[in-house]
Each structure stands twice: as C-alpha cells, then as structure tokens.
Amino acid sequence: TEKNVIMDETAIRRALSRIAHEILEKNKGIENCLLVGIRTRGVYLAQRIAERIKEIEGVEIAWGELDITHYRDDREGGDNREAMDQAAAESILNLPAGSGGIRDKKVILFDDVLYTGRTIRAAMDALMDCGRPRMIQLAVLADRGHRELPIRPDYIGKNVPTSRHEEIEVSLKEYDGKDEVYIISN
Ligand code: 5GP
Ligand code: MG
C-alpha cells in the first residue's frame, strides 16, 4: 500500500477559494442560493465556502447538512426511499432556522469525493422529497472518475483520475485534525 499527498493545506485553501469565486460568478452573486453539505466532510466544505463567500462579498449565505446514509440504493438495507414520506425526508435535511427551506432555491450540494455518482443521485432524491429547488449544482473537493450515472460536478477542487484499486483519503481540520488529501494505491 502506497499513500501520497495530492493536496496539501495550501492547495485545499486555494481550491476552495477558487470554488467560492466560481460560485459567485456562475450565480451572479448568491441570491436565492443555499449551500448543502453531504454528511460528514461535505458539511465542513459547505461551511468553509460560506465563510469564504462572506469574506469576498460581505454577505451571509445559508448552509445546511444532508445525511443520506440510509438513502442510498446500493447499500445494505436496500432502497428505503419508497418507505420514506416527506417528514422522514426532511428529517435528514438540516437547514438553519429561518432559511425558508429549499423551495425555489438554487441548492449547491457539497461532497468530499465524487465516484460513481450514486450518493449524489440519492442526495438529489432526498432534496426533491423536501421541496422543489429551482436548481441543483454540485461541488466536490476531488473527482476520482468512474461514474455509473450521468452526473457531473459544476465545481471541482481537483480532478484525480484513479484506477479502481486506488482510493482517496480526505483529511479536514475540523474532523481529522489537518487539511490534506491523499491517494492510496493498494
Ligand atoms: P459515489 O456515491 O459517487 O460512488 O461515492 C461518493 C461517496 O462515497 C462520497 O460521499 C464519498 O465520501 C465516498 N467515497 C467514494 N469514493 C471515495 C474515496 O475514494 N475516498 C473517500 N474519502 N470517499 C469516497
Ligand atoms: Mg461521503
């Protein structure tokens, strides 16, 4: 097993700054935008981008979290989506009080690594069950390829072409103590 750093703290900071600028440029500001981080590490990315946007534009952007651990179609426990009513769907989406929900919002989803696309598909299903966003965009820190669904990110920290037996490890200060991204070859 070999483990190599592909992004250090500086590279991560620069990538997130660039993504903050790209979000502002693409959306011509942040009006009606809402950042939603997926479960663990995507949440810290959404939070950091919100901070960066505040520094750049001087405006607060709402950010929340989505936990789709039990919403995937290919995980043990199978597909729970049919059994899920709207209340259940909303319980996995945590938005700040007063943000007014996702209806008619431009929702920008954040995840650490994009691989087959199944997690994002599940995240989009969950969001749709909570209301009808005006648009969904996707930001990822690393895109490792191997998509199995027609999903493509709007904002990418780093493209990391991987083979099937390689894996990416994302370490973020808030959760892992330091900022670093590695590629692990088995
Ligand atoms: P997908 O659903 O696109 O196949 O995989 C993406 C999800 O699984 C993300 O939530 C991501 O956190 C996790 N994931 C998939 N591959 C990797 C990887 O190589 N490294 C890390 N850290 N997470 C991965
Ligand atoms: Mg994940």
Side-chain angles (χ1 to χ4, degrees), residues 1-27 29-30 33-69 72 92-96 99 106-120 122-124 127 136-147 151-186:
T1 305
E2 207 184 309
K3 183 167 164 174
N4 292 300
V5 176
I6 51 170
M7 292 179 95
D8 60 11
E9 187 179 343
T10 304
I12 292 173
R13 191 182 60 244
R14 287 178 180 150
L16 294 180
S17 293
R18 172 177 49 78
I19 288 172
H21 283 281
E22 286 173 352
I23 287 171
L24 287 165
E25 188 176 19
K26 187 181 174 86
N27 296 289
I30 52 142
C33 291
L34 178 64
L35 309 182
V36 174
I38 295 178
R39 41 179 177 166
T40 317
R41 289 179 186 78
V43 177
Y44 301 112
L45 297 175
Q47 184 180 7
R48 287 191 198 187
I49 293 289
E51 285 165 5
R52 210 61 49 91
I53 286 173
K54 177 83 192 289
E55 287 164 16
I56 300 165
E57 292 282 286
V59 285
E60 299 273 354
I61 181 164
W63 62 274
E65 21 182 309
L66 183 64
D67 183 353
I68 42 98
T69 316
R72 288 274 307 249
I92 67 172
L93 177 66
N94 225 319
L95 296 179
S99 66
K106 291 194 246 178
V107 176
I108 307 173
L109 273 176
F110 286 80
D111 208 351
D112 53 355
V113 177
L114 179 61
Y115 183 42
T116 64
R118 288 175 193 273
T119 298
I120 297 306
M124 290 192 289
L127 281 176
I136 299 176
Q137 298 170 12
L138 174 62
V140 297
L141 185 59
D143 181 352
R144 58 172 289 202
H146 302 282
R147 218 77 77 239
I151 283 169
R152 135 196 96 58
D154 299 279
Y155 313 100
I156 306 170
K158 190 178 178 67
N159 268 301
V160 189
T162 57
S163 67
R164 288 268 181 191
H165 53 261
E166 285 172 323
E167 220 179 302
I168 290 171
E169 189 179 310
V170 175
S171 173
L172 295 178
K173 258 182 199 152
E174 298 91 328
Y175 196 72
D176 311 287
K178 66 174 170 179
D179 278 351
E180 224 150 40
V181 181
Y182 314 88
I183 188 159
I184 298 169
S185 313
N186 295 299

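Bear in mind the structure is a predicted one, so any value in this text is a computation, not a measurement.
You'll find the side chain of Ile30 reaches within 4.5 Å of the side chain of Leu24, heavy atoms only. Taking 4.5 Å as the limit, every side-chain heavy atom of Val36 sits out of range of all side-chain heavy atoms of Ile136. Contact of the Asp179 side chain with the Arg48 side chain is registered, since non-hydrogen atoms from C-beta on lie closer than 4.5 Å.
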Evaluation steps, side chain to side chain contact (heavy atoms under 4.5 Å, CB included), between Ile49 and Ile61: CA-CA 9 Å; Ile49 293 289; Ile61 181 164; over 6 Å; no

Residue pair Arg147, Leu114: steps toward the side chain to side chain contact (heavy atoms under 4.5 Å, CB included) verdict: CA-CA 8 Å; Arg147 218 77 77 239; Leu114 179 61; 3.4 Å; yes

Derivation of the side chain to side chain contact (heavy atoms under 4.5 Å, CB included) call for Tyr44 and Asp112: CA-CA 9 Å; Tyr44 301 112; Asp112 53 355; over 6 Å; no

Criterion side chain to side chain contact (heavy atoms under 4.5 Å, CB included) on Met124 and Leu109, from CA distance to verdict: CA-CA 9 Å; Met124 290 192 289; Leu109 273 176; 4.3 Å; yes

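For the atom pair OG1 (Thr1) and CD1 (Ile184), the distance works out to 8.0 Å, reported to the nearest 0.5 Å. The line from CD1 of Ile168 to CD1 of Ile183 is 5.5 Å long, rounded to the nearest 0.5 Å. Note that the OG1 atom of Thr10 and the CG atom of Asp8 stand 5.0 Å from one another [nearest 0.5 Å]. Between atom CD1 of residue Ile53 and atom CD of residue Glu60 there is a gap of 11.0 Å, rounded to the nearest 0.5 Å. Here the CZ atom belonging to Arg52 is positioned 11.5 Å from the CD atom belonging to Gln47, to the nearest 0.5 angstrom. Note: Ile23 CD1 to Lys106 NZ = 11.0 Å, rounded to the nearest 0.5 Å.
Between Ala46 and Phe110, the shortest heavy-atom distance links the atoms CB-CD1, 3.8 Å. Of all non-hydrogen atoms in Ile68 and Ala122, the two that sit nearest each other are CG2-O, 4.2 Å. Residues Gly117 and Ile151 approach most closely at O-CD1, 3.3 Å, considering heavy atoms.
A donor-acceptor pair under 3.5 Å is formed between the side chain of His146 and the backbone N or O of Thr162. Looking at Arg41, its side chain never comes within 3.5 Å of a backbone N or O of Leu45 through a donor-acceptor pair.
Checking Leu16, Ile19, Val113 one by one against Leu141, the side chain to side chain contact (heavy atoms under 4.5 Å, CB included) holds for a single residue, Leu16.
More than 12 heavy atoms of other shown residues, nucleotides or ligands fall within 6.0 angstrom of atom CZ in Arg18.
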I'd like a table of donor-acceptor pairs (distance under 3.5 Å, sequence neighbours excluded) in which one partner is a side-chain atom from residues 152-160, with atom names and distances.
{"from": "Asp154", "atom 1": "OD2", "to": "Leu138", "atom 2": "N", "distance (Å)": "2.8"}
{"from": "Tyr155", "atom 1": "OH", "to": "Asn27", "atom 2": "ND2", "distance (Å)": "3.4"}
{"from": "Tyr155", "atom 1": "OH", "to": "Gln137", "atom 2": "OE1", "distance (Å)": "2.6"}

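Look at Glu166 and Arg144 and you find no salt bridge, because none of the NZ, NE, NH1 or NH2 atoms lies under 4.0 Å from a carboxylate O.
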